Protein chains: 2
Amino acid sequence: MLKISELSARTGLSAHTLRFYEKHGLITASDRSEAGYRFYTDADVRRAEFVKTARNSGFSLEDIGQLLSIRVDKLSHSCQEVTDITRLKLDEVNGKIAELQSMQQTLMILLDSCCGGPENATHCSIMEALEEGESRKNAGRETS
Amino acid sequence: MLKISELSARTGLSAHTLRFYEKHGLITASDRSEAGYRFYTDADVRRAEFVKTARNSGFSLEDIGQLLSIRVDKLSHSCQEVTDITRLKLDEVNGKIAELQSMQQTLMILLDSCCGGPENATHCSIMEALEEGESRKNAGRETS
DNA sequence: GTTGACCTTAGACCTAACTCTAAGGTTTAT
DNA sequence: ATAAACCTTAGAGTTAGGTCTAAGGTCAAC
């Protein structure tokens with residue numbers, strides 16, 4: 001039975017974060033002392049490590065909640081459910097990458113266009129490009 | 001002289017957003033009616049469009065503030081200042097892309113490993129991988 | 001002369017995942 | 001028996017960029 005600081009040391013998640021995860025239903029202490037101190041079992045440690053690994057893989061806390069509910073009753077859930085969550089996450093990540101790559105492109109073009117020297121910015125081509133408003137190649141964000 | 005809704009129509013930025021930008025020092029109405037209505041000049045429109053273009057290129061509102069202060073006094077600022085801001089932003093974007101690509105990798109490996117079929121998740125290799133905790137290949141986020 | 005569309009402000013709310021604080025109770029070591 | 005180090009809770013604060021609401025003033029049309 002570990003106290004919260006001990007679980008924190010084992011997992012690298014701060015005690016604050018562990019309480020935060022508990023509030024959001026991810027990790028609960030299996031037991032409490034009379035004074036209310038949280039006590040964690042080995043199973044709790046494994047659950048916490050699962051959460052940490054999933055988080056590091058890019059899953060949101062909400063995703064992790066779903067994965068955990070599959071985890072506690074694997075017989076009632078299919079591989080497909082697991083891959084669905086994973087695929088959705090991958091799509092999300094791919095979308096973000098595409099958006100960022102579009103920005104990357106824009107920024108690289110801007111940088112290429114400008115001398116970057118000590119002369120004043122009166123004819124700076126980056127400023128000019130931003131002034132123009134590059135309607136064709138925008139960074140993927142829609143006009144709100 | 002345009003009212004806020006007209007500037008909104010010209011730029012595609014909502015009136016709410018325009019006021020929000022004003023609060024943050026990006027766009028100010030050149031004039032006000034007696035009743036306090038904002039009135040925007042052509043120069044204001046160009047400034048608003050500059051802000052929008054910069055935002056779509058990936059610059060934060062803080063970056064845009066810097067770019068705007070260069071813009072109003074180009075003689076006192078160098079191309080280098082402009083490229084510095086741009087390069088910093090590009091580095092930031094590259095960093096985010098790298099982080100996301102690491103997650104992408106992890107997720108693709110997970111997806112590849114699992115059949116994704118209707119069988120129950122008892123031996124699901126995604127669940128197993130998350131259970132193991134892939135210490136070598138993590139998604140770039142540090143243990144806080 | 002009043003309806004409806006527009007404008008004003010200050011300030012609350014949103015997401016996501018923490019992070020910290022205040023105010024207090026517990027445990028351990030000396 | 002007391003100080004240090006730990007634990008508890010509820011709730012506020014953080015970041016970024018909006019988004020929305022309430023409560024009210026203004027303006028144009030019919």
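From a predicted model like this one, the values you see are computed outputs, not experimental measurements. So you know, we letter chains A, B, ... as the sequences are listed, proteins then strands, and number each from 1.
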Return the value, rounded to whole Å, for the distance between atom [atom1] of [X] and atom [atom2] of [N].
{"X": "A:Tyr40", "N": "D:dC6", "atom1": "OH", "atom2": "C1'", "result": "14 Å"}
{"X": "B:Arg38", "N": "D:dT26", "atom1": "CZ", "atom2": "P", "result": "15 Å"}
{"X": "A:Leu2", "N": "D:dC6", "atom1": "CG", "atom2": "C1'", "result": "15 Å"}
{"X": "B:Lys96", "N": "D:dT15", "atom1": "NZ", "atom2": "C1'", "result": "11 Å"}
{"X": "A:His16", "N": "D:dC7", "atom1": "NE2", "atom2": "P", "result": "11 Å"}
{"X": "B:Glu62", "N": "D:dG18", "atom1": "CD", "atom2": "P", "result": "14 Å"}
{"X": "B:Met1", "N": "D:dC27", "atom1": "CE", "atom2": "C1'", "result": "18 Å"}
{"X": "A:Lys23", "N": "D:dT8", "atom1": "NZ", "atom2": "P", "result": "13 Å"}

Please name the pair of heavy atoms, one in [X] and one in [Y], separated by the smallest distance, quoted to 0.1 Å.
{"X": "B:Leu130", "Y": "A:Ala54", "answer": "CD2-CA, 3.9 Å"}
{"X": "B:Cys124", "Y": "B:Cys114", "answer": "SG-SG, 3.8 Å"}
{"X": "A:Arg55", "Y": "A:Ile64", "answer": "N-CD1, 3.6 Å"}

With the side chain of [X] defined as its heavy atoms from C-beta on, choose the nearest nucleotide among [options].
{"X": "B:Ile4", "options": "D:dT19, C:dT8, C:dT19", "value": "C:dT8"}
{"X": "B:Ser60", "options": "D:dT21, C:dC18, D:dG17", "value": "D:dG17"}
{"X": "B:Ala35", "options": "D:dT26, C:dT9, D:dC7", "value": "D:dT26"}
{"X": "A:Arg32", "options": "D:dG18, C:dA17, D:dT9", "value": "D:dT9"}
{"X": "B:Leu61", "options": "C:dT8, C:dC18, D:dG17", "value": "D:dG17"}

Polar side-chain atom of A:Asp44 near backbone of A:Ser30 as donor-acceptor pair, under 3.5 Å: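 Such a contact is found between A:Asp44 side chain and A:Ser30 backbone.
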
Under 4.0 angstrom between B:Tyr21 side-chain N/O and D:dG18 OP1 or OP2: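 Indeed, a polar side-chain atom of B:Tyr21 lies that close.
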
Phosphate contact (D:dT19 OP1 or OP2) by B:Thr17 side-chain N/O below 4.0 Å: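 So the side-chain polar atoms of B:Thr17 do come within 4.0 Å of the phosphate oxygens OP1 or OP2 of D:dT19, strictly under.
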
Any side-chain donor near an acceptor of the partner, A:Ser60 and A:Asp63, under 3.5 Å: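 Looking only at side-chain atoms, A:Asp63 and A:Ser60 do form a donor-acceptor pair, the distance falling under 3.5 Å.
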
What nucleic acid atoms does [X] come within less than 4.0 Å of, heavy atoms only: base, sugar-phosphate, or nothing?
{"X": "B:Arg19", "value": "base"}
{"X": "A:Ser33", "value": "nothing"}
{"X": "A:Phe39", "value": "nothing"}

Position toward the 5' end of DNA chain C (nearest nucleotide), A:His24 or B:Glu6: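 By nearest-heavy-atom nucleotide position, the 5'-most residue is B:Glu6.
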
Donor-acceptor pair (no angle test) under 3.5 Å: B:Tyr37 side chain, D:dG25 base: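 Yes, the side chain and the base share a sub-3.5 Å donor-acceptor pair.
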
Pairwise 5' ranking along DNA chain D for B:Lys3 and B:Phe20, keeping only the more 5' one: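 Closest to the 5' end, via its nearest nucleotide, is B:Phe20.
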
Ion pair check, A:Glu49 and A:Arg10, cut-off under 4.0 Å: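 Salt bridge absent between A:Glu49 and A:Arg10.
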
